[in-house]
Amino acid sequence: MSSHIPHILVTEPIPEKVTSYLKEFGKVTVAPKGTYGSEEKLIEDIKNYDALLCMLSTPVTAKVLAEAKQLKVVANFAVGYDNIDVSAAHSHGIKVANTPDVLTEACGDYAMGLLLALSRKFKEAEKYLREGRFNGWEPLGFLGMELRDRTLGIIGMGRIGQSFAYRARAFGMNIKYHNRSRIAPQVEQQLKATYVEDHKELARNCDVLSLNCPLNNETHHLVDKALLESMREHALLINISRGAVIDESALANALHNRTIAGAALDVFEEEPKVHPQLLSAPNTLLLPHIASATHKTREAIGMLAAEAITSVLQGKPDTEIPNLIRR
Ligand code: DGY
């Protein structure tokens, strides 16, 4: 009798602890970075695998899944899973999991860091110093926006939106938010957060707009020319969700025309490409999608994704598989 050894594909190098753990359950192939950035190679290779641990940059499309003859589970090394065609996976009986919770605090810290860096012009000021232009303390140099009593508008008040809100409250900011549904009353109370039913109204009336929503048909290009034009001239925009929530050319124009005062972007529509006009935009912080990048969090993300895989491979019931996405 031959017992099948499950074959697990990990699409990029991940923390060693996770790979070692997976090796207890099957044969593990870790692909070099960049191997599966587009669907072609995955379409070719996927038939050989029982489980896929993929990155948010791995396009797990309907075409890929149609070739996945022995695949049982896709676990995304991320909380966002817009890179996976979940309906197609389910139609082939393939389970899909993501990694919520473990990255909440890292992302909350990071959003707060972006806001501080942007509102106090860290990037420009440091460049000025490095260029040898710092000739002494200046009363009018690099004046920024103080956070106390300013309004932070959050679109997407899930775990990460809330963790940013808690931090911003500690800095004395007022919190307004838009979400598919209202958050629990006790959390609203703790955060002294006001629910705004219309995201456009929220954008018009805040000093900082933060995007913390998933990317889907409703949120694609939610921040467009009209929304940007309705924002306050001194307003700042922060995006750690997904690039395509913003129409990037509209944002680049708004920044160049000073329609809004600045933006901090961790994510881009065509990652890793960055819109060329964003690269030259004033008061714009551009970071390479690192909101969850701490040692602790990346290891926890990996372990959670790996546990979803091993639970499926062991034939556990759905209720015992961590973070299965159901639709
Ligand atoms: C995720 O996990 O979806 C985030 O993009 C991390 O930054």
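Both ligands and their constituent atoms are indexed starting at 1 by order of listing.
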Pairs of nitrogen or oxygen atoms closer than 3.5 Å, one from Ile240 and one from ligand 1: do any exist?
no
Roughly how far apart are Thr11 OG1 and Leu42 CG, rounded to 0.5 Å?
8.0 Å
Mark up the atoms of ligand 1 that fall under 4.0 Å of a heavy atom belonging to His289, in ascending order.
4 (C), 5 (O), 7 (O)
What atoms in ligand 1 come closer than 4.0 Å to a heavy atom of Ala78?
1 (C), 2 (O), 3 (O)
Give the numbers and elements of all ligand 1 atoms closer than 4.0 Å to a heavy atom of Gly80.
1 (C), 3 (O)
Is it the case that more than 12 heavy atoms not belonging to Lys72 sit under 6.0 Å from its NZ atom?
yes
Ligand-residue contact atoms, ligand 1 with Arg242, heavy atoms, under 4.0 Å:
1 (C), 3 (O), 4 (C), 5 (O)
Pairs of nitrogen or oxygen atoms closer than 3.5 Å, one from Leu56 and one from ligand 1: do any exist?
no
Report the C-alpha separation of Glu39 and Thr61 in whole Å, then their side-chain angles, then the decisive distance to 0.1 Å, and conclude whether the side chain to side chain donor-acceptor pair (under 3.5 Å) test is met.
CA-CA 7 Å; Glu39 63 179 357; Thr61 60; 2.6 Å; yes
Honestly, for Leu103 the part within reach of ligand 1 (heavy atoms, under 4.0 Å) is side chain
Residue pair Asn174 / Leu152, side-chain heavy-atom distance below 4.5 Å:
no
Does Asp266, backbone or side chain, put an N or O under 3.5 Å from an N or O of ligand 1?
no
Where the side chain of Tyr36 meets the backbone of Met55, is there a donor-acceptor pair that is under 3.5 Å apart?
no
With sequence neighbours excluded, tell me which residues meet side chain to side chain donor-acceptor pair (under 3.5 Å) with Ser230.
none
What atoms in ligand 1 come closer than 4.0 Å to a heavy atom of Ala291?
7 (O)
In the protein, which heavy atom is nearest to atom 6 (C) of ligand 1, and how far is it?
Ser292 OG, 3.7 Å
Considering only protein heavy atoms, which is closest to atom 2 (O) of ligand 1, and at what distance to one decimal place?
Val79 N, 2.9 Å
Less than 3.5 Å between some nitrogen or oxygen of Ser241 and one of ligand 1, yes or no?
no
